[in-house]
Amino acid sequence: MRTRLREQVEPEVSAETAHLPARPAPSRDAAPWRRAAPLTAEDTALPGRMLMLLSRLHRSELELKAQAEQADAAGRGA
């Protein structure tokens, strides 16, 4: 069973940002740890569904562009 992992990562301080005042990092003891929630069928299907919808959108945009070019060419030819 796949689970989501939500980790709190402490940011690394680079030399460029070292001169900026920084807020204190939360201690790991004070961090609220939760169990990882299992992925649902909806969670796993979402990327594939989004890809399908984006593909349809792209295809319809290409069709509209081709129709507009045909209409423009027909208007110029007449």
Side-chain angles (χ1 to χ4, degrees):
M1 172 185 274
R2 297 177 67 190
T3 58
R4 290 185 208 165
L5 297 177
R6 295 181 183 153
E7 297 181 25
Q8 289 187 346
V9 180
E10 294 179 352
E12 294 180 1
V13 177
S14 67
E16 296 173 348
T17 58
H19 67 279
L20 297 175
R23 64 178 188 223
S27 68
R28 290 190 174 252
D29 296 331
W33 295 105
R34 299 181 187 174
R35 294 183 93 176
L39 288 173
T40 64
E42 184 180 350
D43 292 333
T44 57
L46 186 61
R49 179 156 174 75
M50 290 299 295
L51 183 61
M52 179 191 66
L53 292 173
L54 286 171
S55 176
R56 285 184 185 175
L57 176 65
H58 180 66
R59 194 175 325 130
S60 69
E61 287 177 346
L62 290 178
E63 289 173 2
L64 288 173
K65 184 178 177 183
Q67 290 173 0
E69 289 175 356
Q70 286 177 352
D72 188 39
R76 289 183 186 180

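Legend: salt bridge (Lys or Arg N to Asp or Glu O under 4.0 Å) pairs involving residues 44-73, not counting sequence neighbours, sorted by first then second residue: D72-R76.
Rounding to the nearest 0.5 angstrom, the gap separating the CG atom in L62 from the CG atom in L57 is 9.5 Å. For the atom pair CE (M50) and CG (L54), the distance works out to 5.0 Å, reported to the nearest 0.5 Å.
In this structure, L53 shares a hydrophobic cluster with M52, the cluster being traced through Ile, Leu, Val, Met, Phe, Trp and Tyr side chains under 4.5 angstrom apart.
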